[in-house]
Amino acid sequence: MTDDHLSNTEPEAAFQERVDNEIKIEPKDWMPEGYRRNLIRQISQHAHSEVIGMQPEGNWITRAPTLKRKMILLAKVQDEAGHGLYLYSAAETLGVTREDMIGALHEGHAKYASIFNYPTLTWADVGVIGWLVDSAAIVNQISLQRTSYGPYSRAMIRICKEESFHQRQGFEILMPLASGSLEQKAMAQDAMNRWWWPTLMMFGPHDSESVHGAKSMQWKIKRKSNDELRQDFIDQTVPQAEYLGLAIPDPDLKWNEERGHYDFGEIDWDEFRTVVSGNGLCNRERLERHSRAHREGEWVREAMRACEEKKRTA
Ligand code: FAQ
């Protein structure tokens, strides 16, 4: 049954009225099947992104330049695991199991953010992930705090509090590099050059190409469109790059007085499609590592199930 068909029915009209009146939808409320499925898709993909997103930075935990930096990075990467757990829990309230969600990821049916398929070649990449990638995530997640589904909205409120620490730790890694030796500055600029465009891709295709965008906006799952969020991110990030003294690798980036926003160049959508379809630089490595960790953790899940069973039959 299509979403359009459901939109003509009475419960759908009452549902839409609740959404329009900013009343949160809770797990036990009636909801159109399309709303439920779309939420499961987005929330589970968001959860996968948080967990797969641990890998690029995790790659530097053993090589952080000081003990203090290592502790901060460890805490940051652990936070991402926690975000994944909040989000899997929020998705479970919609009647899907965690096994199903992880299975969909491993079988390639569920996506995760394209950004995490790029390699972290230097320590400056860790700074740029914290600064740019977390900033992009925050811009999106701040608007998702007002999403119409209660459990997702509440998870976002908690997550945003932690993300702002992540953004600062990234900026704090880059500040000494950007004002350091010539080699350090070059390393920071090289990281900026490699991560800028993939970060812009995080917001997804242009609104005109977005498959789920219109319905998600109508249902207030999404509160801002892909292009609106991308513009917000660029407008807030350019002054930060200027403060750091890092050049943004886009010759078309220019303040547009009339629009009150920055104009910017076109994203390489072929690259985006390549990465999203599983053929980016690190897609296979990321998924294999996740699958391996999942298999190796089977004994923990088995022990947990045995414990639960024992409690139930005691
Ligand atoms: N990568 O119709 P739309 C983080 C897919 S969290 C991969 O426009 P939608 C924290 C899309 O799924 C980062 N796939 O889709 C952190 C759909 O495919 P499907 C994650 C993408 O949902 C920081 C198709 O293209 N954040 O970074 C991407 O309306 C540092 C058509 O697209 C979230 O997930 C992409 N970039 O809008 C962790 C936020 N873009 O499902 C560690 C929640 C699009 O039909 C370190 N999600 N696709 O097979 C959202 O806001 C939305 O899902 C969008 C996409 C905006 C990502």
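Numbering of ligands and ligand atoms starts at 1, following listing order.
- In this structure, atom 25 (O) of ligand 1 has no protein heavy-atom contact shorter than 4.0 Å.
- Residues Tyr149 and Ile221 have side chains not in contact (no heavy-atom distance under 4.5 Å, counting atoms from C-beta outward).
- Every atom of ligand 1 is numbered from 1 in the order shown, and the set under 4.0 Å from a heavy atom of Met201 is 36 (N).
- Ring orientation note: the planes of Phe233 and Phe203 are tilted relative to one another, at an angle of 30° to 60°.
- In Asn226, the part holding a heavy atom less than 4.0 Å from any atom of ligand 1 is the side chain.
- At a 4.0 Å heavy-atom cut-off, ligand 1 does not touch Lys224 at all.
- Closest to atom 3 (P) of ligand 1, if we only count protein heavy atoms, is Ser210 OG, 3.4 Å.
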**Report entry** Derivation and outcome, side chain to side chain donor-acceptor pair (under 3.5 Å), residues Gln236 and Asp232
**Finding:** CA-CA 6 Å; Gln236 84 168 37; Asp232 286 353; over 6 Å; no

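- In terms of protein heavy atoms, atom 5 (C) of ligand 1 is closest to Lys111 CD, 3.8 Å.
- Among Ala136, Ser225, Pro205, the residue whose heavy atom lies nearest to atom 44 (C) of ligand 1 is Pro205.
- Interface of Gln45 with ligand 1, defined as ligand atoms under 4.0 Å from a residue heavy atom, comprises 12 (O), 41 (O).
- Looking from atom 46 (C) of ligand 1 to the surrounding protein, the closest heavy atom is Glu57 OE1, 3.3 Å.
- Of all the heavy atoms of His212, the ones lying under 4.0 Å from any atom of ligand 1 are found in both the backbone and the side chain.
- Residues satisfying the ring pair (Phe, Tyr, Trp, His ring centres under 6.0 Å) criterion with His294, sequence neighbours excluded, are His106.
- Geometrically, ligand 1 and Gln141 share no nitrogen or oxygen pair separated by less than 3.5 Å.
- There is no protein heavy atom closer than 4.0 angstrom to atom 54 (C) of ligand 1.
- For atom 9 (P) of ligand 1, the nearest non-hydrogen atom of the protein is Lys222 NZ, 3.4 Å.
- For the pair Arg286 and Phe116, the cation-pi criterion (under 6.0 Å, within 45° of the ring axis) is not fulfilled.
- For atom 48 (N) of ligand 1, the nearest non-hydrogen atom of the protein is Phe272 CZ, 4.2 Å.
- Two residues are said to be in side-chain contact when any heavy atoms from C-beta on lie closer than 4.5 Å; Gln141 and Glu163 meet this criterion.
- Shortest contact from atom 6 (S) of ligand 1 to any protein heavy atom: Glu50 OE2, 3.8 Å.
- Below 4.0 Å from some heavy atom of Gly53 lie the following atoms of ligand 1, by number and element: 42 (C), 46 (C).
- How far CG of Asp207 is from CG of Asp227: 4.0 Å, rounded to the nearest 0.5 Å.
- Nearest protein neighbour of atom 7 (C) of ligand 1, counting heavy atoms only, is Tyr112 O, 3.3 Å.
- Residue contacts with ligand 1 for Val275 are absent, since no atom lies close enough (heavy atoms, distance under 4.0 Å).
- Looking at Val211 against ligand 1, both its backbone and its side chain come within 4.0 Å, counting heavy atoms.
- Within ligand 1, the atoms closer than 4.0 Å to a non-hydrogen atom of Glu163 are 10 (C), numbered from 1 in the order shown.
- Annotation: atom 35 (C) of ligand 1 to nearest protein heavy atom, Ser114 OG, 3.5 Å.
- Contacts of Phe116 with ligand 1, taken as heavy-atom pairs under 4.0 Å, involve the side chain alone.
- Residue contacts with ligand 1 for His83 are absent, since no atom lies close enough (heavy atoms, distance under 4.0 Å).
- Residue Lys76 approaches ligand 1 through these ligand atoms, each under 4.0 Å from one of its heavy atoms: 30 (C), 46 (C).
- Contacts of Met202 with ligand 1, taken as heavy-atom pairs under 4.0 Å, involve both backbone and side chain.
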